[in-house]
Each structure stands twice: as C-alpha cells, then as structure tokens.
Number of protein chains: 2
Amino acid sequence: MTATAPRRQPTLDEVAARAGVSRSAASRVINQAPHVSHATREAVEKAVKEMGYRPNRTARALATRQTGIVALVISHDDPGLFADPFFAQVIVGVSAVLEETDLHLALCLASSERGRARLTGLLHARGVDGIMLMALDGDDPLTGIAEETGLPTVHGGRPLDSEPKWFVDSDNLGGARLATEHLLGLGRTRIVTITGPMTARVGASRLRGYQEALIMAGLSPYGTVEADFTEAGGAAAMTTLLARRPDLDAVFAASDKIAAGAIRVLNEAGRAVPEDVAVVGFDDLDVAERTDPPLTTVHQPIQALGREMTRMLLALIAGREPTALILPTRLVRRGSA
Amino acid sequence: MTATAPRRQPTLDEVAARAGVSRSAASRVINQAPHVSHATREAVEKAVKEMGYRPNRTARALATRQTGIVALVISHDDPGLFADPFFAQVIVGVSAVLEETDLHLALCLASSERGRARLTGLLHARGVDGIMLMALDGDDPLTGIAEETGLPTVHGGRPLDSEPKWFVDSDNLGGARLATEHLLGLGRTRIVTITGPMTARVGASRLRGYQEALIMAGLSPYGTVEADFTEAGGAAAMTTLLARRPDLDAVFAASDKIAAGAIRVLNEAGRAVPEDVAVVGFDDLDVAERTDPPLTTVHQPIQALGREMTRMLLALIAGREPTALILPTRLVRRGSA
DNA sequence: CCACCGGCTGGAAGCGCTTCCAGGAAGGTT
DNA sequence: AACCTTCCTGGAAGCGCTTCCAGCCGGTGG
C-alpha cells in the first residue's frame, strides 16, 4: 500500500486552477471543442496529465443529458433461458461494436414482475441512451414499456404480431425454406416438421418457410408438431410424429436442440439417420456438431445480429435514420441430411 | 401515436410546486426519509402519481455519489471465450440477486487494449459503485486497474499468484480430489489427468487435487498433459497420453469439454468407457449429459458463484465486511466412471 | 485613423437531485 | 408562564460538468 491511496479524484475546477485558466476553457480542451488557443490547450493538457484527471461520468451525463450507456434487455419468463448460448453470442457481437465507442452496456434480464418494474425505472429515469430489446414472447409487455420511454429502440427479432420500425432479424423464413428444399433435393417427400412455440415469431416463420417450400414443390406438410426449443421437447415431438407417420422420411426441426432430441429418438427407434430419415436443424449452435451423426443445419449469424443491432442503435442515437435489417441464413451440411 | 408523446419528464421542482411544498420536502417523501408530516406525504405522493414523476437517475447519482450500477468485468483475450456457457450461468446468478435491489448490471467484456482503456475510463470516472471481476489469466492487468480505483471489488475465482481479500471461488482442489478418489474407489490405479492451462489458478488447483488424492492413496500421478479448456485440446491431450501410457485405466479431465474430447478419442481408439478407461470431468455443464456415455463429473455451483459474488459486493458497498467464500463441489455420477 | 470582425476568454446559469441548517410550531415539563 | 424538546419546514449550498453569452483582444479593410 502506497500512501497515495485515499486521494479524491481531481475535479475540472482543480485542473483549471492548476492550468491557470477558467473552468470553461478547460472544459473546451477536454471536449476538443473549438476556440481554444494553443497555449491554453497545452497548459490544460499538462495539468490533466499531472493530476490524473478523469471527467466524472455522472456529472457529464447530467449536463449533457446523455448517460453513455445502452441497455440490452432480454425478456423471458424462465430465468434459466438466458443460459442458452444464443444470448452469449449476441452479447459478443454487441460488445464488439461498443468496444469501438465510448458507450457501455447495461445488461437487463427481466423475468419477474419485480424485475420488470426495476427495468422500467431504469429506462424511464433516463438511465440509458438507447435500448436493444430481445422480446421473446409474442405479447411481451416490455415492447410497450420501451416505446413509452421515447428512447431509441431496436428490436432483435420481431414480435409476433407487429413490425417494429427498427429491428434486426435472421431470415428465419428463408432459412426454413432452404432446409426444406434441401430435403426435397434429397428426394424426400414425406417430410415432417417439429416447430418451435407458435407464440413467437421465430417459431411461426420457420414453420411458414417449411410450408412454402413444400407447396412450391407441389407437396403438402406431412406432419407438424409443436415443441418448445429444447432437446426434451424435440424428443417428445419426434415420438409423436413417429407414431402418427411411421413412414416419414425426413424431418425439419426448428432448432438444433429440437433436432438433437429428435435424432436421439430416431436412433432409439432403429431408424438410421440419414439413410432412413434425414434431419435438418436450425441455428448452428455447438450442439449441432455433437449429435450423432453431426447435424445438417441452417446457420444463423448470431454475433452479426448483435453487431447490427448495436450499429443500428448507435445510428439512431446519432440522429440518423437506419433501416431495418434481415440477415441471411445459410445451410451447413453435415451428416444428418 | 397519441398526442401526449413529446412531454418532458417532470422534475422534482415541478412535483413540489404542484404539491405546494418545498423541493426538499418532496425529496424527503420520495426517499422515505423521516421528518415528513402525513399531509405533506399525501400531497407529494398525489402529485407524483398524477404527473408520472420518476427521479432522474443521473441527477441523483451526482448528488449522492452513487451510480446504482455495478460492473461485471470479464477479462479475456479471446472474444469468443465469453460464449462459454459458464459465464451465462454466472450472469444468471448475478441478475437474480440484483433483481432484489435497485442496482443495475454493466457487463464489460474487455479483451483488446482499446477495450481495457475504455473500461478503465468507466471505473475511474466513478461510473459504477462496485466491481465483480473475473480475471482469467494469472497476471491480468485488470486486477491492478480495479485496485487503483479504490472501488469495492470482489473476484470470481482467484488470480494465480495472489489471494484477493474478497473472492468467491469453487472448491476446485476439493472437487479434483473427489473425482480422483472416486476413480481410486473404482479400483483404478493407472490414473492420468488432462489439466487446464497452468497459467490460471483453476488449472493448477485441479491438478493439485488430483495429485493429493493419489499421494494420499500411496500412488503417484501416472501421466499429466496440459490442454486448454476445449474439446479439441482434450482430444489432442488424450491422444498424447494414450501413446505415452497405453495401459492407462482412468482419466481425470479438468473440464467437461476436455473430457468430451478425451472420450471421443478413447472411443475411436477402441477403448470402452468406462470398462477399459473410466473418465471423470469437471464443471457439470450441459455437454456432460451429451457425451457417450454420459459424463461422470464434478458439479460446480456456477449460478451460486454469481449470486455469492453479488451478495458479497452488496455487502462491501453497504460498508459491511464480508468474508471470502469457497463454494463446495460435488460428484455427479453418470455413465463414464 | 477608425470601425469592424473573428477568435478566445471567463463569468454565470444551468442539468435535477440531496442534504445541511436555521427557524417555526406544537407539545410536554417544572 | 417560561422553558425545553421534538418534529417539521423551506432556503440554500452543493454534486462536477457543459454551454451560452458578453466582452476583450489584435488585426484587417476602408
């Protein structure tokens, strides 16, 4: 422990005094504002360096009405859901962009009512400059809360029933079509699907892509069962489908986890994957490489989603008018189809 | 769009005016401070409700010198590392505790030098009230940076060479011992280990636990190879060990991912798990349930780690003196040992 | 030589809140 | 009745920064 420890952070006044100029002059130097003579600049910069001055974030925020913080709000009922690697990827993308700026990230997981109220407080109390919202359920109250604040807001994914002005979404429909077309290209005709929850847009879109591809090919859906986006859900749904359509020859699973569950059930039922039944998943998470056989799936650019959301928010904050974005998905071929 | 939109948030002055009291009286009501008459309280509360008043966070922060934000700092070189489900679990734990308070979470992923500078700015500029630091590498510069700020700081895990005053850590040593003892209990005697990087305490502790258990049993380490905490690393290390000690009969892997890689290699080499070679992992992440056979592993209470770190930080901020914590680990038996 | 212009400057007024303090109004004690 | 508590009150001084503005300066063009 050196003796320098307990010293308070110097203030702008102190810096100005030391540099022998007024506080406003010092402020101008700090903020790279014009109308500063060379001599003044030098003096202030010297003082800043010597005193180890750092502008106090809070004071600046109060004066400028800008906090320098953006919120990433992840709304969900199940607190455990956040453990899904999907969000980690989003955050990596978000951070990568923020790292280039002076903004910081507030991460808000609002599940309980209590949490939601707390969040509302943060947003309304002008605690952040902008909001990135990932509202998973169709009718999430957070959508409205965010809107009320009047703060720049961008959505990751879209609500079920509305189209926000600013959003970034993956091309779920196109991806599902891609997957289904791939199965069709393999000569499969009895293609079933295990969908995600229909209460979320992502579930509905992926189902729709599947349906469209079949219709375009002159076929019709051979079996559809809804599941949640879990392995267990996928397994249960697969069991149902197998009972209902014993002769199915392909399945499009709306997520990798669902696919993993489905493959397990297929293996246990003695159906060879991909020979008897071809399987395609969606997301391209780590789990896709660990199924047996490895999963052919639709890759969704999750980090890019985070990055683009952040860029869009920055644009909004800067007063520009960005345009909503749909990110392309692509098929990744592995062993299961 | 209703016509009410562009209205500015009301200020405390306006509320006070409407309630017919002074600003200080209004402030007292808002903050539940004593010395407020019943009448005053009622009047202010009525005005607050009618005007939809929310105290401005920034202004309050400036006056109280408390931001209401705590930072979770995750230091790492590889930006992708954050995708590890470990951190998601920590965050879930942290959030769960914060949800009960009025604090918010700033998530700081500092990888690049640029990012580190930006973070230093946030911390020194009094942008947060406290720091939770997960410094993964032994000599992380962030440890020093955090210390300089003088802010309450708690560590998740411990640096390689120092013992911070306040930390929460898993009982890595005890867990490793547990795992090794389990293998010994199975009658295995030619037990090798695949360690994590020795630049991190967690790697060193788990190795030490393995060694201690063997020594206690009158045996000595049968083979030790270092790997990073990845599946590929585990696979490579297993290959090396198999070449060096063809007759090994058990492996203690310092993480589940390492174990997954090792099991894959063992399967490919025609060694039956657990008959020929028993395998125990560490962490108990999702992947442990998806290996073949499912992985016997040491459970580490990750969410609890997040929770306890947060509680500890809250205590520090409140001026109390908490005590460092080591969280127990326990063996989860599945198929691999 | 004078009016004028442009770049710098410091003073002062905020940003919206907390908190210290002196003072006033009741209520209780000898 | 005089005094002392006790409780509540509003005024005022901050918290540390930005930004508007009036004023000063030397220099240019007429």
Side-chain angles (χ1 to χ4, degrees), chain A residues 7-45 47-48 51-69 102 121-129, chain B residues 7-45 47-48 51-69 102 121-129:
Chain A
R7 178 84 185 91
R8 215 181 75 269
Q9 291 278 340
T11 72
L12 184 56
D13 279 295
E14 294 166 356
V15 170
R18 171 140 188 170
V21 302
S22 74
R23 190 195 342 172
S24 18
S27 174
R28 267 176 236 125
V29 173
I30 306 276
N31 295 299
Q32 327 254 33
H35 305 307
V36 176
S37 70
H38 193 67
T40 301
R41 161 155 292 121
E42 299 259 287
V44 173
E45 279 170 354
V48 164
M51 308 177 74
Y53 171 74
R54 308 262 182 177
N56 178 306
R57 231 183 139 71
T58 308
R60 179 174 284 185
L62 184 58
T64 60
R65 296 140 173 281
Q66 299 240 42
T67 61
I69 299 178
D102 275 318
L122 178 67
L123 302 185
H124 269 101
R126 288 288 170 275
V128 302
D129 293 343
Chain B
R7 178 84 185 92
R8 214 179 77 269
Q9 291 277 340
T11 72
L12 185 56
D13 279 294
E14 293 166 356
V15 170
R18 171 141 188 169
V21 302
S22 74
R23 187 187 354 165
S24 19
S27 176
R28 267 177 236 123
V29 172
I30 305 278
N31 296 299
Q32 328 255 31
H35 304 308
V36 176
S37 70
H38 193 66
T40 300
R41 162 154 294 121
E42 297 260 285
V44 172
E45 279 170 354
V48 164
M51 308 177 74
Y53 170 76
R54 309 264 182 175
N56 177 308
R57 232 185 138 71
T58 308
R60 178 175 283 185
L62 183 59
T64 59
R65 296 142 172 281
Q66 299 240 43
T67 62
I69 300 179
D102 275 317
L122 179 67
L123 302 184
H124 270 101
R126 289 289 171 274
V128 302
D129 294 343

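All chains are named by letter (A, B, ...) in the order of the sequence lines, taking the proteins before the strands, and each is independently numbered beginning at 1.
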Spacing between [X] atom [atom1] and [N] atom [atom2], to the nearest angstrom:
X	N	atom1	atom2	answer
A:Leu12	C:dC15	CG	P	19 Å
A:Asp13	C:dG11	CG	C1'	12 Å
A:Gln66	C:dC15	CD	P	16 Å
A:Arg57	D:dC17	CZ	P	13 Å
B:Ile30	C:dG16	CD1	P	15 Å
B:Asn31	C:dC17	CG	C1'	9 Å
A:Gln32	D:dT18	CD	P	12 Å
B:Arg23	C:dG16	CZ	C1'	8 Å

task = Select from B:Arg28 and B:Asn56 the residue whose nearest nucleotide in DNA chain C is closer to the 5' end of that strand.
result =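 So the residue in question is B:Asn56.
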
key: Working for side-chain contact (heavy atoms from CB on, under 4.5 Å), residues A:Asn31 and A:Arg60   = CA-CA 11 Å; A:Asn31 295 299; A:Arg60 179 174 284 185; 3.5 Å; yes

State which of [options] makes the closest approach to the side chain of [X].
X	options	result
B:Arg65	D:dT18, C:dC17, D:dG16	D:dG16
B:Ala25	D:dG10, C:dT19, D:dT18	D:dG10
A:His35	D:dG16, C:dC17, C:dG7	C:dG7
B:Leu62	D:dC15, D:dC17, C:dC8	D:dC15
A:Arg60	D:dT9, C:dG10, D:dC17	D:dC17
A:Ala63	C:dC8, C:dC17, D:dT18	D:dT18

query = Base, sugar-phosphate, or nothing for A:Ser27, non-hydrogen atoms under 4.0 angstrom?
reply =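 Base, at least one base atom sits under 4.0 Å.
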
inquiry  = Does A:Thr58 reach a base, just sugar-phosphate, or nothing at all? Heavy atoms under 4.0 Å.
reply    =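 It contacts nothing in the nucleic acid.
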
ask   = Which atom names give the shortest non-hydrogen contact between B:Asn56 and B:Thr58, and what distance separates them?
value =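 Nearest heavy atoms, B:Asn56 then B:Thr58: OD1-N, 2.7 Å.
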
Student check: side-chain heavy atoms of B:Arg57 and B:Asp102 closer than 4.5 Å =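 Heavy-atom side-chain distance check fails, nothing below 4.5 Å.
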
inquiry  = Can you confirm whether B:Val15 sits close enough to B:Arg18 that some side-chain heavy atom of one is under 4.5 Å from a side-chain heavy atom of the other?
reply    =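 Not in contact.
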
CD-NE2 distance between B:Gln9 and A:His124, expressed to the nearest 0.5 angstrom =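 One finds 6.0 Å between CD of B:Gln9 and NE2 of A:His124.
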
query = So, is B:Thr64 near the phosphate of C:dC17, with a side-chain N or O under 4.0 Å from OP1 or OP2?
reply =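 Answer no for this pair, as no side-chain N or O of B:Thr64 is under 4.0 Å from OP1 or OP2.
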
message = Counting only side-chain nitrogens and oxygens, does B:Thr40 get under 4.0 Å of the OP1 or OP2 atom of D:dC8?
response =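 Indeed not, no polar side-chain atom of B:Thr40 lies that close.
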
request  = With DNA chain D as reference, determine whether B:Ser22 or A:Ser24 sits nearer its 5' end, using the nearest nucleotide of each.
outcome  =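 This one resolves to B:Ser22.
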
